[in-house]
Amino acid sequence: MLSIKDLKAEIEGKKILNGLSLEVKAGEVHAIMGPNGAGKSTLSSVLAGRAEYEVTSGSVTYEGKNLLDMSPEDRAREGLFLAFQYPIEIPGVSTTNFLKTAVNEKRKYLGLDPMEATDFLKMMREKMDYVEMDKSLISRSLNEGFSGGEKKRNEVFQMAMLEPKLCIMDETDSGLDIDALRLVSNGVNKLRNKDNAFLVITHYQRLLDYIVPDFVHVLYKGRIVKSGDKELAKELEVKGYDWIKQEVEANS
Amino acid sequence: MSDTQEVDIIDQVVSQEYKYGFSTDIEMETAPMGLSEDIVRFISSKKNEPEWMLEWRLKAYRYWLTLEEPNWQNFDLKPINYQDIIYYAAPKEKIKLDSLDQVDPELLKTFEKLGISLSEQKRLSGVAVDAVFDSVSIATTFKDQLYEKGVIFCAISEALHEHPELVKKYIGSVVPYTDNYFSALNAAVFSDGSFVYIPKGVRCPMELSTYFRINAENTGQFERTLIIADDNSYVSYLEGCTAPMRDENQLHAAVVELIAMEKAEIKYSTVQNWYPGDKDGKGGIYNFVTKRGSCEGAHSKISWTQVETGSAITWKYPSCILKGDYSTGEFFSVAVTNNRQIADTGTKMIHIGKHTKSRIVSKGISAGKSHNSYRGLVKVNKRAENARNHTQCDSMLIGDRSGAHTFPYIEINNKTAQVEHEASTSKIGEDQIFYCNQRGIGTEEAVGLIVNGFCKEVLNQLPMEFAVEAQKLLAVSLEGSVG
C-alpha cells in the first residue's frame with residue numbers, strides 16, 4: 001500500500017528525514033517510535049503533504065501512485081488520513097457540517113453524487129455508536145472547547161466516517177488519560193481490517209498495549225535504525241533509547 | 001508557514017471575475033453633467049413633484065454648498081469632483097407604464113440576468129420586489145396583493161403623488177438633510193427609491209425587497225428609502241445591489257429612514273454587492289450611505305442586518321435611535337474586504353427611552369491589501385434608565401497584508417446603564433486550512449467554510465431566501481485570497 005524509499009526531507013533548510021525507507025501492506029499496523037526530534041512528526045507531515053516541508057530526494061508510492069505529486073486534499077480523497085496530534089478548532093462550523101463537506105468532496109473526487117442528508121445522518125449515527133462518540137459533541141463547533149480526550153475521539157470518529165485506507169496517527173496518546181486512551185484505542189481496533197493499514201506514531205509503549213502493532217520501527221536522526229515486532233516496543237520501554245543511539249553511533 | 005510562503009500565497013491573489021459586471025445597452029435620458037440649482041429643479045420636474053418637495057431639495061442643496069467633505073474616516077478619500085457626475089439617468093420611456101408588459105424587454109432581461117425575475121410566472125415566491133435601474137424604479141411586484149392588506153410598497157416618486165401626506169410627514173424626520181455631507185447631497189438630488197407603509201396591526205405577508213442596479217456611466221446613484229411601520233405591525237425588508245465593471249469610481253450616496261411605532265418591528269437586511277473595483281483598486285463604487293431607524297414607540301424594535309462584500313469603499317453606520325421605552329435596536333454585520341477594498345462601517349445606538357436594549361454583532365473579514373474598520377457608538381442619555389447594550393466585534397485577517405481596525409465609542413450619561421464590549425481578532429490559520437485539506441476539503445472550500453462559521457451568528461439573521469445567497473457571495477468575494 002505504502003512504499004517509502006530513501007526519503008529525505010527538510011524544513012527551512014534543516015534536514016529532518018535522512019533516507020527513510022518503509023514498506024506498509026494492507027492489513028498491517030506499524031508503530032513508529034523514537035526519541036524527541038527523531039523526525040516522527042515530520043514523517044506524518046510529509047506524508048499528509050504539509051507545504052512547509054520540502055522533500056529533497058527519495059520517493060513515496062501509495063497505492064501505485066506517486067504520493068508526493070498529489071495535493072494534500074487529493075491524498076485525503078485517495079484514502080490517506082492523518083489523526084492530528086493537536087486537532088484544530090474551527091469556530092462556528094459544526095462537526096456535522098464539516099464532515100458532510102469532507103465526505104461529499106471525497107465523493108465528488110470519486111465521481112459519486114453527494115450523499116442525501118438523511119443517509120448522511122444515518123451514517124453519522126451508526127459511526128458514532130461504533131466508536132462510542134458522545135452525541136453532543138457533533139453539533140458543537142468543530143473541536144471548539146473540546147477537552148484533549150474529546151478532540152482525539154473526534155479524530156477517530158472522523159476516521160470512521162471517511163473510511164480511509166491508510167491511517168497515520170500522530171502521537172494520538174499524548175495528553176490522554178487511561179480511560180480516554182482505552183476509548184480511542186477501542187475505536188481504532190474496531191476500524192482495523194484486512195484492507196486498511198495504520199501507521200501509529202508514538203513516544204510510549206503504553207498505546208501499543210491497546211493497539212497491538214505487527215511491526216515496530218525505531219526512528220532516529222531521520223532514519224529507521226531498528227525494526228522488530230511488539231517485543232521491541234517493550235524492550236524500549238524498559239531500556240530507553242540510549243542503547244539504540246549507541247548502536248547507531250558505533251556503526252557509523 | 002514561513003513568511004516567504006505566505007507572501008507567495010498572497011501573490012496568487014486574483015480578483016474573482018465580478019459576476020454582475022455587464023452593462024445594459026439601452027437608450028437613456030440623462031441630465032447634463034454637473035450639479036447646480038438647475039439640476040435640482042430638473043430632477044424635481046422630471047418627477048413632477050409638488051412644490052414643497054422642490055423647496056426642500058433646494059434648501060438641502062444650499063445647505064450642502066456650505067459643507068465640506070468629512071475627513072475623520074479611517075481612509076484617504078480622493079477628492080470627488082461633484083461637477084463630473086451625472087445626477088439623473090433613466091431609461092427612455094416611450095409610453096406611460098401601466099403594466100410590466102410595457103417595460104423595455106432589455107430591462108427585464110437585465111434583471112433576469114441578475115437573478116431577479118419581474119415577470120409574473122417566475123417571481124420569487126413570497127418576496128415582493130421593487131426594481132430600481134439607475135435613477136428610476138422600473139417595476140414593483142405584488143403591489144396590488146399587498147395593497148389589499150393595506151401595505152403600501154412602491155417607488156418613492158410614486159408615493160409623493162399617491163400618499164403625499166405620509167411622505168411629507170416622515171421624509172427627513174430621521175435623517176434630516178442637515179445630518180451630514182452626503183445626506184444633504186442626497187436630499188438635493190435623490191431620484192428614486194422605495195417607500196413602505198405598514199398599517200396598524202398588520203404583519204406584512206411577504207418579504208419586501210428592493211434591487212438597485214447602477215448601469216449608466218458617470219452617474220451617481222442617490223436613492224432614498226422610507227419605511228414606516230405603524231403600531232403593532234411587522235415588516236422584513238431586503239435590499240440588494242450590483243453595478244457594471246467600470247474604471248472610474250461611481251458614487252452611491254443613499255439615505256434610508258426607518259420609523260417603528262409602538263410595538264412595531266422592522267427587520268432591514270442588506271446584501272451589498274456593488275462592483276468592488278479590480279484587484280489593483282481601479283474603479284468600483286463609493287458606497288456612502290446614511291441609514292438610520294427611529295424606534296418611536298414603546299416596545300418597538302429595529303434590526304439591521306448587513307452583508308457587505310462589494311464596493312471599493314463602504315462607509316456607513318446603520319443606526320438606531322431608541323426613543324420608545326423598552327425599545328430594542330440590533331445591528332448584525334458582516335463586512336468582507338479583499339484586494340484594495342476599504343470598509344469603515346459600524347453602527348450608532350442612541351438610548352433615549354427607559355429600559356432600552358441594543359445589541360451589536362460585527363464580523364469583519366479582511367483579505368488581500370484591504371482595510372476593514374469597525375466604528376461604533378453606544379450612547380446612553382441622561383434619562384435612559386436601565387439601558388442595556390452588548391457589543392461583540394470580531395475581526396478575521398486572511399494573509400498578512402490586510403488590516404483590521406476597531407473604533408468603539410461609548411458615552412454613558414446614566415449610571416444605571418449596563419454596557420458590555422467584547423472584541424477579538426483572529427487570523428485564518430494555515431493550520432485550519434491544512435486540517436480541512438487533510439480531510440479532503442480544498443483550500444477555496446475551506447476558506448468558505450471557515451469564514452461562514454465565523455459569520456454564522458449574522459448570517460442566521462438573514463431571511464432564509466437570502467441566507468444561502470449570502471453564503472455563496474462570501475465565498476466568491478474571498479476566492480483567490482488564499483493560495
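Because only heavy atoms are used, hydrogens play no part in the values below, and waters and symmetry mates are left out as well, while side chains stay in. Naming: A, B, ... by sequence-line order, numbering from 1 per chain.
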Step through the shown structure and confirm whether more than 12 heavy atoms of other residues, nucleotides or ligands are within 6.0 Å of [atom1] on [X].
X      : atom1 : result
A:D119 : CG    : yes
A:K190 : NZ    : yes
A:K40  : NZ    : yes
A:Y86  : OH    : no

Of the non-hydrogen atoms in [X] and [Y], which two are nearest, and what is the gap between them?
X      : Y      : answer
A:A76  : B:G440 : CB-N, 3.3 Å
B:Q438 : A:L82  : OE1-N, 3.0 Å
B:Q432 : A:I90  : NE2-CA, 4.1 Å
B:F434 : A:P72  : CE1-CB, 4.1 Å

Worksheet entry | Any A:V93 side-chain heavy atom under 4.5 Å of B:N452 side chain |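 Heavy-atom side-chain distance check fails, nothing below 4.5 Å.
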Worksheet item: Aromatic ring centroids of B:Y435 and A:F98 under 6.0 Å?
Response: yes
Discussion item. Quick check against the 3.5 Å criterion: does B:R439 have a side-chain atom that pairs as donor or acceptor with the backbone of A:A102?
Written reply: no
Practice prompt. Sort out for me which of A:N97, A:L142, A:L99, A:L80 touches chain B most, counting heavy-atom pairs under 4.5 Å.
Written response: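 The option with the most such pairs is A:L80.
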Item to complete: Hey, could you give me the CZ/CG distance between A:R75 and B:N437, rounded to the nearest 0.5 Å?
Response: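 Reported to 0.5 Å precision, the distance equals 10.5 Å.
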Worksheet item: When rounded to the nearest 0.5 angstrom, what distance separates CD1 in B:I441 from CD in A:E105?
Response: 7.0 Å
Worksheet item: Can you say whether A:P164 sits under 4.5 Å from chain B via the side chain, the backbone, both, or neither, judging by heavy atoms?
Response: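 Contact with chain B is absent: no heavy atom of A:P164 under 4.5 Å.
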Practice prompt. Please state whether the side chain, the backbone, both or neither of A:Q158 comes within less than 4.5 Å of a heavy atom of chain B.
Written response: side chain
Worksheet item: Given B:D431 and A:R50, is the side chain to side chain contact (heavy atoms under 4.5 Å, CB included) satisfied, shown in steps?
Response: CA-CA 10 Å; B:D431 284 345; A:R50 257 193 198 272; 3.3 Å; yes
Worksheet item: What part of B:C455 gets closer than 4.5 Å to chain A, counting heavy atoms only: side chain, backbone, both or neither?
Response: neither
Worksheet item: What part of B:E445 is in contact with chain A, defined as an atom under 4.5 angstrom from a non-hydrogen atom: side chain, backbone, both or neither?
Response: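 Contact with chain A: side chain only.
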